[in-house]
Amino acid sequence: MGFVASFLIVYGVAGVVLGAAFAIAIGRCLHHQRRSQVAAYARSPSAAPGAMREGFALLRGEVGAEDAAPDDAVIAVEIPCGRRAAPGATPGAWHTRARAFSLRLPSGASVRVEPASGRLTLDTTFVPASRGGALVYRSEIRPGDAIYIAGSVRREIDPGAAGKGYRDAAQAWVLRAPSHGNLCVSSDTVIAHHARRARFHRAWALALGAALTALHLGLFRAFHASVFGPLGPADGIGIGPAALALFFVGAVALAYRTLAEQTSPWTELRVERPRTA
């Protein structure tokens, strides 16, 4: 019974909790790294046009000035806040306006951005503003703005350019929302936050991995040797080492979760939704 208790409580709980925290740290690191790592052909001013590749990518460039008037946004999102909505607006509903525009990369290459209704996310700074006497949070992308945008890059036929014949139609690079997900526009500040979060979770993944290794090679070493080695039946783990292991695992996992929440640069914004009868 002592062996079963030590196995289930210490080896099972401690190993699973620490292993789960390690897996979460790796997952969060990869997520933020994917959101902050610009494609190589979109970073270098000397990148050749032929270096562009199809597939998901994070690009950085400048919104073409010819796509709209300087005072007119190519993308605008408004989030009504509170019980009182602006005239003509639905309380709690997001209002998005978007049009196709060109994104000029540092190399001089141009990518046509095609936002799709309902598949667009602005991961940028939202500024409080008043519209019709009601408070809204607003974010806009205008011609000349330098932005980051993540989506699916594809080579498509350009109906606005002439090719060499019907068998050799002109093609252009187009950025759209990926098959599963949204076209995401981000600012410099948000990308920098993602890069810092990737480093934070990477450091914790290394620390949690080291702790998991130390736990199995230290406290659980004799247990592993008795199970897989020639020592015969597995020995149980004493009450003292068991309590120490559980305390160690709980403290490490709690410290990771607490620091991850306290150092997060994002604040959750709750938008009040209307109740349906």
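Keep in mind it's a predicted model, so treat the numbers as computed, not measured.
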Any idea which heavy atoms bring E114 and V174 closest together, and the distance?
-> CG-CG1, 3.6 Å
Please report the C-alpha distance between I147 and L103 in whole Å, then the side-chain angles of each, then the deciding distance to 0.1 Å, and finally whether the side-chain contact (heavy atoms from CB on, under 4.5 Å) criterion is met.
-> CA-CA 9 Å; I147 62 171; L103 184 72; 3.9 Å; yes
Using a strict 4.0 Å threshold on nitrogen-to-oxygen distance, state whether E54 and R154 make a salt bridge.
-> no
Sequence neighbours excluded, which residues qualify as side chain to side chain donor-acceptor pair (under 3.5 Å) partners of R199?
-> none
Supply the atom-to-atom distance I26 CD1 to R202 CZ, rounded to the nearest 0.5 angstrom.
-> 11.5 Å
Could you tell me which residues satisfy side chain to side chain donor-acceptor pair (under 3.5 Å) with R35, sequence neighbours excluded, listed by chain and number?
-> D123
Got R34 and F56 here, is their nearest side-chain heavy-atom distance under 4.5 Å?
-> yes
Do L59 and V153 have side-chain heavy atoms sitting under 4.5 Å apart?
-> yes
Tightest non-hydrogen contact, residues T263 and R197, listed as OG1-NH1, 2.8 Å
Over all heavy atoms of both residues, which pair between S152 and P178 is shortest? Give the atoms and the distance, please.
-> CB-CA, 3.9 Å
When every non-hydrogen atom of A198 is compared with those of H32, the smallest separation belongs to N-CB, 3.7 Å
Indicate the atoms forming the closest heavy-atom contact of A98 with I75, along with that distance.
-> CB-CG1, 4.2 Å
Just how far is it from atom CD1 of I149 to atom CZ of F101, taken to the nearest 0.5 Å?
-> 4.5 Å
Answer yes or no: is there a donor N or O on one side and an acceptor on the other, between the side chain of R119 and the main chain of G181, under 3.5 Å?
-> yes
Excluding sequence neighbours, so at least two apart, what forms side chain to side chain donor-acceptor pair (under 3.5 Å) with R196?
-> H193
Going hydrophobic residue to hydrophobic residue with side-chain gaps under 4.5 angstrom, can you get from L30 over to F22?
-> yes
With sequence neighbours excluded, tell me which residues meet side chain to side chain donor-acceptor pair (under 3.5 Å) with T189.
-> none
Residue pair L122 / T96, side-chain heavy-atom distance below 4.5 Å | no
Quick one: are W173 and R155 in side-chain contact, heavy atoms under 4.5 Å?
-> yes
Is there side-chain contact between R60 and R43, with at least one heavy-atom pair below 4.5 Å?
-> no
Can you give each donor-acceptor pair under 3.5 Å made by side-chain atoms of residues 249-260, sequence neighbours left out, with the distance rounded to 0.1 Å?
from	atom 1	to	atom 2	distance (Å)
Y256	OH	H201	ND1	2.9
R257	NE	E261	OE2	3.4
T258	OG1	L254	O	2.8

Taking all non-hydrogen atoms of both residues, which atom of L183 and which atom of A150 are closest, and how far apart?
-> CD1-O, 3.4 Å
Linking directly or through intermediates, with side-chain heavy atoms under 4.5 Å: list the remaining ILVMFWY members grouped with I191, chain and number order.
-> V38, L58, Y148
